[in-house]
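The block underneath contains the structure these notes are about, expressed in structure tokens.
In what follows, chains are A, B, ... by sequence order, proteins preceding strands, each numbered from 1.
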Amino acid sequence: MSPTGTTTRFAPSPTGELHLGNARTALFNWLLARRDGGRFLLRIEDTDAERSKPEFTQQLMEDLQWLGLPWDGEIVAQSQRGPVYREALDKLERAGRVYPCYCTPLEIEVSRKSQLTSGRPPRYVGTCRNLNDSERAAKLAEGRKPTLRFKVPDGGRVEFVDLVHGEQRFECNDIGDFIVQRADGSAAFFFSNVLDDALSGVTTVLRGEDHLSNTPRQLLIAMALELKAPTYGHLSLITSADGSPLSKRHGAKSLRQLREQGYLPKALVNHLFRLGHSSDLHDLLDLQKLAVGFNPAHLVRSPARFDPVQLEVWQRRAVHALSSDEALDWMRPHLPNTLDAASASAFAAALHQNLLLPSDAAYWVQVVFGELPEHDAEGMELINVAGPAFFEAAAAAIRTHGIDWKAVTTAIREQTGRKGPELFKPLRQALTGRRDGPELAPLLKIMTAARAIARLERLSSAAP
RNA sequence: GCUCCUUUCGUCUAGAGGCCCAGGACAUAGCCCUCUCAAGGCUGUAACACGGGUUCGAAUCCCGUAAGGAGCGCCA
């Protein structure tokens, strides 16, 4: 927690599942802290009692762990920090920087609507800004529960340098007095968020661009509290393929869904690393290397589209990088649970380079351990061209040489005179029902000679 | 409506006035390798949103337009 070191944080609200946008924000903050040898904090912004759910907090933690982004120190939950906020709010109240507002949500809503229809910005009009004591007493007597609003200075401007967008300037007159404490006494986002950042020594905040125009409010609060606000960097949003906001309607997947589908964390972080962040690094890298290569100066200002095809590229590379043991764990859910350990690992070793997702293993489980699916038209064509004699020779070869692939293919070649693709294509089709797939040698070994012979014999007798 | 952000190949991006008739990666096409697929190697197709300025010179600066996005919440 050295004052000179970088401290970043991820501050999600537990109101839903982590999605790609969130995950990228977490990743970038983590990377920055790691790169600088600093700290990465996790704070749960659960001040909205209505929508916050403990199970989401749990899920959040699991997702971060799974991605490989552990946080430093204790998790801070804002719901536990009422007294801290109370104290700071008192300070602002004594300094006359905030005032009680007795307007009801309904009144505010009506005001907003009428402003909007008359073409004006929907801002708080300041009804309660200059109430005297007796007016306040009267409002209170009506049974109104006040909120606390921050008194935005008349005139003046707020200037700051955004890490990715550069110099920013906002007029105070464009900002309405905003709520810092709700009627139920809880602290509102603008307030608790910046206060906690300052109090926990956060130096840099990388967050979504949707916060950019809210930043002046938070800076105003920090100034009133005489606290040092972090340096902000606003990340452009991730959009769908058509440029619209990433949403479930567009098939946006939560991290949990991606994980359940079998996407590897390494694939995800490598893809996210390059979304909205440019880098010369084009290889599949681990988090340590990504941290070294991360540079906030290379954060991109324009929105990035999420392209599932690019994710698949990283997934393929991540899958390729798996060891056989890791591959086995990865595809385990799709293997028959009756399988013995040796067969399972032989299967994983033979197959894993050919899969993108574990569910892709299903077909090959069927081929290796079960019945062969029907040959398709193109496959039948291939089989007919090869002719029954070919398969008879193949079956005979396996009968005498067993699963010794080299001996088997040599025998078939000598017997039929076929070689190269002429030899292997029909063989592959007959044995696997497909024209593509993993190497045949290990496949034969695990599918057993008996199964192979049966498949070949069927074609030698059934074909015309 | 007001304020703010954004706009380079299909996608992610490099580019901060001449080094750019725009570079890289992925995708895609072709070839090589190969029993197939994948991997690998080589080659190719492909972009500065539009319109005005400023300048000897603009993807880069200025002004408009268009398109997309965000904020203006007792949501975060």
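- Both distances falling under 3.5 Å, in either a Watson-Crick or a G-U wobble arrangement, occur for no nucleotide opposite A22(B).
- Rounded to a whole angstrom, the distance from the C1' atom of A70(B) to that of U13(B) is 23 Å.
- For the C1' atoms, the distance from A14(B) to G23(B) is 6 Å, rounded to whole Å.
- Remark: C1' of U13(B) and CZ of Phe273(A) are 13 Å apart, rounded to the nearest angstrom.
- Every residue meeting the side-chain contact (heavy atoms from CB on, under 4.5 Å) condition with Ser302(A), not counting sequence neighbours, appears here in chain and number order: Val300(A).
- Taking atom P on both C5(B) and C9(B), the two are 22 Å apart, rounded to the nearest angstrom.
- Remark: G44(B) base-pairs with U28(B); criterion is Watson-Crick or G-U wobble with both hydrogen-bond distances under 3.5 Å.
- For a distance-only test at 3.5 Å, the side chain of Gln310(A) fails to qualify as a donor-acceptor partner of the base of C12(B).
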What string of B, S and - do you get for nucleotides 32-48 of chain B, 5' to 3', if B is base contact, S is sugar-phosphate-only contact and - is no contact with any protein heavy atom under 4.0 Å?
---BBBS----------
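- Using P as the reference atom, G71(B) and A29(B) are 40 Å apart when rounded to the nearest Å.
- With sequence neighbours excluded, the residues forming a salt bridge (charged side-chain N to carboxylate O under 4.0 Å, His left out) with Glu45(A) are Arg43(A), listed by chain and number.
- Rounded to whole Å, the C1' atom of A49(B) lies 12 Å from the corresponding atom of U6(B).
- Judged as a salt bridge (Lys or Arg N to Asp or Glu O under 4.0 Å), the pairs with a partner in residues 97-108 of chain A (not counting sequence neighbours) are, in order, Glu107(A)-Arg144(A).
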ring-ring contact (aromatic ring centres under 6.0 Å, His included) between Tyr124(A) and Phe178(A), intermediate numbers included
CA-CA 7 Å; Tyr124(A) 181 60; Phe178(A) 53 92; over 10 Å; no
Can you check each nucleotide of nucleotides 69-76 of chain B against protein heavy atoms at under 4.0 Å and return B for base, S for sugar-phosphate only, - for none, in 5' to 3' order?
SSSBSBSB
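- Among Asn270(A), Leu268(A), Leu275(A), the one residue that satisfies the side-chain contact (heavy atoms from CB on, under 4.5 Å) test with Leu311(A) is Leu268(A).
- If you take atom P in U28(B) and the same atom in A66(B), they sit 38 Å apart, rounded to whole Å.
- Taking the side-chain contact (heavy atoms from CB on, under 4.5 Å) definition, one finds that Glu159(A) meets it with Arg157(A), Arg169(A), sequence neighbours left out.
- Residue-level contact check: Gly208(A) touches neither bases nor backbone, having no heavy atom under 4.0 Å from any strand.
- Under the salt bridge (charged side-chain N to carboxylate O under 4.0 Å, His left out) criterion, Asp184(A) pairs with no residue, sequence neighbours left out.
- Nucleotide U3(B) forms a pair with A70(B), judged by Watson-Crick or G-U wobble geometry with both contacts under 3.5 Å.
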List the atom pairs, with distances to 0.1 Å, where a side-chain N or O of residues 350-363 of chain A and a protein N or O form a donor-acceptor pair under 3.5 Å, not counting sequence neighbours.
unit_1	atom_1	unit_2	atom_2	d
His352(A)	NE2	Val319(A)	O	3.2
His352(A)	NE2	Leu322(A)	O	3.2
Gln353(A)	OE1	His320(A)	ND1	2.5
Gln353(A)	NE2	His320(A)	O	3.4
Asp360(A)	OD2	Leu356(A)	N	3.1
Asp360(A)	OD2	Leu357(A)	N	3.0
Tyr363(A)	OH	Thr432(A)	O	2.7

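- Distance check on atom P: C48(B) versus G10(B) gives 9 Å, rounded to whole Å.
- In this structure His19(A) satisfies the ring pair (Phe, Tyr, Trp, His ring centres under 6.0 Å) test with no other residue, sequence neighbours excluded.
- G15(B) and U54(B): their P atoms are spaced 29 Å apart (whole Å).
- At the phosphate of A14(B), OP1 or OP2 sits under 4.0 Å from a side-chain N or O atom of Ser278(A).
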